[in-house]
2 protein chains.
Amino acid sequence: MLDRLTLDQLRTLIAVADTGSFSAAGRSLRRVQSAVSQAIQGLESTLGVLLFDRSGKIPVLTDAGRSILDHARKLVSGAEALRAKAESIAADVEPELSLAVDAMFPNPLLMQSLKVLAGEFPDLPVTVFTEGLGGAEQRIRDNTARLGLYSLRPQQDDLASEFLADIAMAPVVASDHPLAKAKPPITRAMLEDQVQLVLTDRTQITARFSGGVISRRVWRFADLGTRLEYLLAGFGWCNMPLHLVEPHIESGRLTRLALAENPGWNLPIHVVHDRNRPPQRAGRMLIEDLRVRLTTCPKHGPVKPR
Amino acid sequence: MLDRLTLDQLRTLIAVADTGSFSAAGRSLRRVQSAVSQAIQGLESTLGVLLFDRSGKIPVLTDAGRSILDHARKLVSGAEALRAKAESIAADVEPELSLAVDAMFPNPLLMQSLKVLAGEFPDLPVTVFTEGLGGAEQRIRDNTARLGLYSLRPQQDDLASEFLADIAMAPVVASDHPLAKAKPPITRAMLEDQVQLVLTDRTQITARFSGGVISRRVWRFADLGTRLEYLLAGFGWCNMPLHLVEPHIESGRLTRLALAENPGWNLPIHVVHDRNRPPQRAGRMLIEDLRVRLTTCPKHGPVKPR
DNA sequence: CTTTATCCATCAGTTTATGTGATGGAGATA
DNA sequence: TATCTCCATCACATAAACTGATGGATAAAG
């Protein structure tokens, strides 16, 4: 016994307060009255405070007792919450879900899935990191996120991954840009002479990774949003996820480049996690829900080859 | 034993997490290692969750363990807070201090005293009810406040009271009011014909108590603040605590009535409490501090006879 | 004014939980 | 390999917690 104050004493106090007498508390707790009596005496002695006024037939809470009782209720319900948490952990639900999501990923879809998740696991704390390029993977590696949604590069030994869906990508440019007015098909040579708007990793870690750079003239941006603004302003061309630029294409501000060799392609999105920390019930449910939405909703689905 | 989950188990868990090993935890808790081992096993079995990965030499917290540990820390520190609360109760400090203060009472002074009180008892919750007329006493009677600061009427059997200080009162009127321009001394007869601004009890309980009403024409108000506005606007005259109207008298907006028979008088303020619930350390300290301030600070002190 | 029922405290004795100390297996460190 | 320290396990000891009987006190019923 490390400390004379025990949860059982507090539970007994609460029972007495709720039932109104020591005997009744004993009945409700399936204990003998003397056990209750001794438990309360023990509590009073460890706290050094008189909790009940025993002068009448039934004991009545003192001011101090009322005050202690309030606190006791908090503690006991906290203990019950602990058990509940343990139970859901035991039922293979992760204690909290942290996601590292590539900025390319269609956010409205993710939000829909998370809404469903929150309905299913109301007490589950969720953290979402939206990162560009290597950022999401970095989150998985340094363990600040547990589940990654991004385009995984060549097989990684320590990370387990699973294909989730394709994001439709296409080269686009502002409609008032020379490339938009050029007669299709656009050749690779034509692109090389124009400015390409490229994403850089905020953390500089993925300097090695600069795939997809075609043009010799390059502007670099740290985030998708800024790049989109420069794209709209006609600074250059770039590949964008269709779901992000479709509204602008429809409104005529952007034009899809009819590239001869590659009019559109798919960015494969994977579910990634540390091999030793596989997703549990909540994570798996989220993945399945996302998969259904991604294959159902045509707007965000893969490009149909034409 | 009502519940298999005990605070001692949580305390042990915390010790293990803090010291890094079962043996070290045992040393820090002055228990043998096997006791720690068994306590953790017991916790794991009641929660149905594996808390430590024992595959290595020293056990390392699992994800679940970390999550449970966070919660455990909250509970244990809550338990310590309970002990601390009990300790201050045992040291004769009331668990919380609730005041019912008459609106006439100089609030800045009370605030100064409460500031000192808060310095002395930083954890003491304080509630202040500012009430007019019978309101403060009502608070004491229905036990929503424990300590009253107001002018007690004739001896009350069940309430204990103690004189605290006199509040200087004086009849005043707006400077553009006929009474202000009348040639002193003002007679009672002159007052009777003018409108008097009177306070009524919000709760109507003190209808019986309407002392101090002189005029035949009366306007009634529920609170001091509103009455003061009507006073300033010249609707009538009334008795006011000097500390509230002094700034206005100095600025010339209000004029003190030079009453022949009663140019100024004192409202005695008492400290009142239920006979069975005397003020404890915090309350007594507050009273003493107030007494010192009231007798020291001339601005709020009693009227000097002239 | 009894009688009866129910309240609580106390106590000796039992049951149960918790802690002890010895032992053995396993990973580090030298 | 020798040695240290780690943890799990066991039989045993110790200390809580609980039981059931008793008696005093209060409140309601006869």
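Just so we're on the same page: letters track the sequence lines, and every chain starts at 1.
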Are any protein N/O atoms closer than 3.5 Å to N/O atoms in nucleotides 14-18 of chain C? If there are, list each pair with its distance.
unit_1 : atom_1 : unit_2 : atom_2 : d
C:dT18 : O3'    : A:M1   : N      : 3.3

Under-4.0 Å salt bridge between A:D289 and A:K115: no
Heavy-atom pair with the smallest gap, counting every atom of B:S151 and B:P268: OG-O, 2.9 Å
Measure all distances between protein nitrogen or oxygen atoms and nitrogen or oxygen atoms of nucleotides 25-30 of chain C, and list the pairs falling under 3.5 Å.
unit_1 : atom_1 : unit_2 : atom_2 : d
C:dG27 : N2     : B:K57  : NZ     : 3.3

Do B:D70 and A:K85 sit within salt-bridge range, that is, some charged N less than 4.0 Å from a carboxylate O? no
Where at least one partner belongs to residues 44-69 of chain B, residue pairs that pass ring-ring contact (aromatic ring centres under 6.0 Å, His included), sequence neighbours excluded: B:F22-B:F52
Show me the pairs that pass ring-ring contact (aromatic ring centres under 6.0 Å, His included) and involve residues 122-145 of chain A, at least two apart or across chains. none
Residues in side-chain contact (heavy atoms from CB on, under 4.5 Å) with A:N143, at least two apart? A:R277
Go through the structure and list residues passing salt bridge (Lys or Arg N to Asp or Glu O under 4.0 Å) with B:E120, not counting sequence neighbours. none
Is a salt bridge present between A:D8 and A:R31, judged by a nitrogen-to-oxygen distance below 4.0 Å? no
Applying salt bridge (Lys or Arg N to Asp or Glu O under 4.0 Å), name anything that partners B:D53, two or more places apart in sequence or on another chain. none
Between which nucleotides of DNA chain D, 5' to 3', does chain B make heavy-atom contacts below 4.0 Å? D:dT5 to D:dC18
Five-pair end axes of the helix from C:dC1-D:dG30 to C:dA30-D:dT1, angle between them (10°): 30°
Can you list the residues that meet the salt bridge (Lys or Arg N to Asp or Glu O under 4.0 Å) rule with B:E87, with sequence neighbours excluded? none
Between atom CD1 of A:I287 and atom CG of A:L117, what is the distance when rounded to the nearest 0.5 Å? 10.5 Å
Scan B:R11 against the nucleic acid and name what it touches under 4.0 Å (heavy atoms): base, sugar-phosphate only, or nothing. nothing
Say whether, by atom type as modelled, one donor and one acceptor occur between the side chain of A:S28 and the main chain of A:A25 under 3.5 angstrom. yes
Check nucleotides 10-13 of chain C against the protein and report each pair of N or O atoms closer than 3.5 Å, with its distance, or say if there are none.
none

A:R54 vs A:I40, side-chain contact (heavy atoms from CB on, under 4.5 Å): CA-CA, chis, key distance, verdict: CA-CA 12 Å; A:R54 274 99 154 169; A:I40 297 296; 3.9 Å; yes
Please enumerate all residues that pass salt bridge (Lys or Arg N to Asp or Glu O under 4.0 Å) together with B:R83, with sequence neighbours excluded. A:D3
Distance-only side-chain donor-acceptor flag, A:R146 / A:Q280, under 3.5 Å: yes
